[in-house]
Number of protein chains: 2
Amino acid sequence: MSSLPFNVDAAAPPPGGAGAVTPAFSPLYQQIKALILQSLQQGEWKPGEAIPSEMELAARFRVSQGTVRKAIDELAAENLVMRRQGKGTFVATHAEQHVQYRFLKLLPDTGDARVEGPAQRTVLECRRVRASADVARALALRSGDPVVQARRILSFAGEPTILEDIWLPGQAFKGLTAEQMAGYQGPTYAMFELDFGVRMVRAEEKIRAVLPDSEQAQLLHTPAGTPLLSVERIAYTYNDVPMELRRGLYRTDTHHYHNELS
Amino acid sequence: MSSLPFNVDAAAPPPGGAGAVTPAFSPLYQQIKALILQSLQQGEWKPGEAIPSEMELAARFRVSQGTVRKAIDELAAENLVMRRQGKGTFVATHAEQHVQYRFLKLLPDTGDARVEGPAQRTVLECRRVRASADVARALALRSGDPVVQARRILSFAGEPTILEDIWLPGQAFKGLTAEQMAGYQGPTYAMFELDFGVRMVRAEEKIRAVLPDSEQAQLLHTPAGTPLLSVERIAYTYNDVPMELRRGLYRTDTHHYHNELS
DNA sequence: GAGTGGTCTAGACCACGCG
DNA sequence: GCGTGGTCTAGACCACTCA
């Protein structure tokens, strides 16, 4: 079946190693979590599918249900799986998620959350290029490595609102076309899951206020001199591997970026 | 000692109530959590202090340690308390928090996180005024109710970087002075805890790109025409009671607003 | 009614902090 | 050495889903 975890250090470093005395105690449930994560990563269960029940996993790993439970609790807290009482635990997916556009924090100023429905996409460009230095750095590639670059406009209620440039590692996204970017119904990240097996798991954003150049202003139907929100996002798959760089310009005259702090 | 929870619905609504059939099942640990929250709210334990041990709370509420544990787990996840192994569980405070400025997401562009040290504060103004309509709405007051209004500049490494206008309910912040705003070392929210017993627990922000007027630009030493980040924050105490409206203008030429998505 | 996740308990032992 | 939170177990029962 599978490797059995031992109730000892996951990867016990030799005592007296270079520099610090790392305690390196790893609770059992963390080891189980790592094993489940590994299976997720290797695609043993596909996005949207159910993973084995807690009892099954407990039997497989030779631990109690409670230990598996705590492992899954953490995975659920990180949005990697979704629990549904009475049904099972499912691999998280950007497709059938109750919140469409999980990573998009732009909301219309009118309180009606997402009444405006899904965004209309206009793909302006999608082609293979060589990574510039900063793109390469963001994606952990080397300058000149192949990347796919796309540019598109998202419109809400007919109004162009977001202009995005997207860079993806060429290796993982071989054969991505403008038609694919435009044609897929639903979140682009769901398309990435289905067509390329790439699951975005978390992301970081750097936000600034900028003035668009004339081309950008024109594309967004915005008077020259109107400031825009610059949102640079790096999205990661499992193991903190960066798989997307996205530079967005958001109009904030009709929308705002919403953030919850705690 | 204290009221005992019952293993029944916390506040069982009469069946066949108006409209929906609310199931209204409340697990024991949620009831315990609510009771602990109530004690926090009533100031039974002050910020920074330890709350009773899990065993004590279990005895007090006549439940098992595991149930108390789960209640505290959730409170810790919401940053209302902090657990420290071997020491106890402590009421969260903005004062001695490992991350100073818990709600401030502006980071210097140079990777060195907070090397620049604490911000220098310049308080330009602090006086009692009557709430305008929009301030009143944000703070759940009535137009014309007394509020304290303050304006200040935060500088990092000598450079003015943030211009903030702050509105606080006059009732809870009676007697707040400019000296207090300027003099306190450490986060302003820590001062609110100490001097007014008001603990900010969570906040929401709406972010936009704007052009400052000439006064704002001058205060921030920024050339006219430089776009700024407009950050409108509403901070809440317990029970989602709004206790602060803050409108900030952030310079994003040397800093950026950083956000983690998951 | 069978199977799933969710709650609750009781008890044992471990890691940590401090006197 | 003691008290704290942290882990792990085993078993019972509950709530939800679906056939």
Side-chain angles (χ1 to χ4, degrees), chain A residues 4-10 12 15 21-36 45 49-77 80-92, chain B residues 4-10 12 15 20-36 45 48-77 80-92 96 98:
Chain A
L4 311 178
F6 297 97
N7 201 350
V8 296
D9 302 354
V21 190
T22 26
F25 158 75
S26 180
L28 232 197
Y29 76 88
Q30 286 286 5
Q31 303 176 39
I32 303 299
K33 180 185 169 188
L35 290 172
I36 298 176
W45 316 296
E49 283 182 13
I51 73 174
S53 76
E54 296 177 352
M55 289 303 250
E56 280 180 78
L57 289 171
R60 180 202 297 198
F61 298 130
R62 312 291 211 83
V63 298
S64 79
Q65 189 200 4
T67 301
V68 170
R69 203 165 171 63
K70 183 138 192 191
I72 294 181
D73 275 347
E74 293 211 347
L75 293 171
L80 296 176
V81 299
M82 273 214 359
R83 327 189 71 147
R84 271 184 262 170
Q85 182 173 158
K87 300 189 69 174
T89 302
F90 298 79
V91 181
Chain B
L4 311 177
F6 297 96
N7 202 350
V8 295
D9 303 354
V21 191
T22 26
F25 159 74
S26 181
L28 232 196
Y29 76 87
Q30 286 287 5
Q31 303 177 38
I32 304 300
K33 180 185 170 188
L35 289 173
I36 297 176
W45 316 297
E49 283 182 13
I51 74 175
S53 75
E54 296 177 352
M55 290 304 252
E56 280 180 78
L57 289 171
R60 182 206 289 202
F61 297 129
R62 313 291 211 84
V63 298
S64 78
Q65 188 199 5
T67 301
V68 170
R69 207 168 167 61
K70 183 140 191 190
I72 295 180
D73 276 346
E74 292 210 348
L75 293 171
L80 296 175
V81 298
M82 274 219 351
R83 326 189 71 146
R84 270 184 261 168
Q85 182 173 161
K87 299 190 71 175
T89 302
F90 299 79
V91 182
E96 37 137 332
H98 51 292

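Proteins come first, then strands; the chains are lettered A, B, ... in the order of their sequence lines, and each starts at number 1.
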Take atom CG of B:L57 and atom P of C:dT9, then tell me their distance rounded to the nearest Å. 14 Å
Contacts of A:A59 that satisfy side-chain contact (heavy atoms from CB on, under 4.5 Å) - sequence neighbours left out: none
Nucleotide C:dT7, atom P - distance to CD of B:Q30 in whole Å: 8 Å
Nearest-Å distance, CE (B:M55) to P (C:dT9)? 13 Å
Check the interface with nucleotides 10-15 of chain C: list each N/O to N/O pair with the protein under 3.5 Å, or write none.
{"unit_1": "C:dA15", "atom_1": "N3", "unit_2": "B:Q85", "atom_2": "OE1", "d": "3.0"}

Please round to the nearest 0.5 Å and tell me the distance separating atom CD of B:E54 and atom CD1 of B:I72. 5.0 Å
Rounding to an integer number of Å, can you tell me how far B:Y29 OH sits from D:dC14 C1'? 13 Å
Base, sugar-phosphate, or nothing for B:R69, non-hydrogen atoms under 4.0 angstrom? base
The criterion is side-chain contact (heavy atoms from CB on, under 4.5 Å); which residues satisfy it with A:Q85, sequence neighbours excluded? none
Atom CD of B:E56 and atom C1' of D:dG5 are separated, to the nearest Å, by 13 Å
Checking B:R84 against B:F90: charged group under 6.0 Å from the ring centre and within 45 degrees of the axis? yes
Please compare A:T67 and B:S53 by the position of their nearest nucleotide in DNA chain D and report the one closer to 5'. B:S53
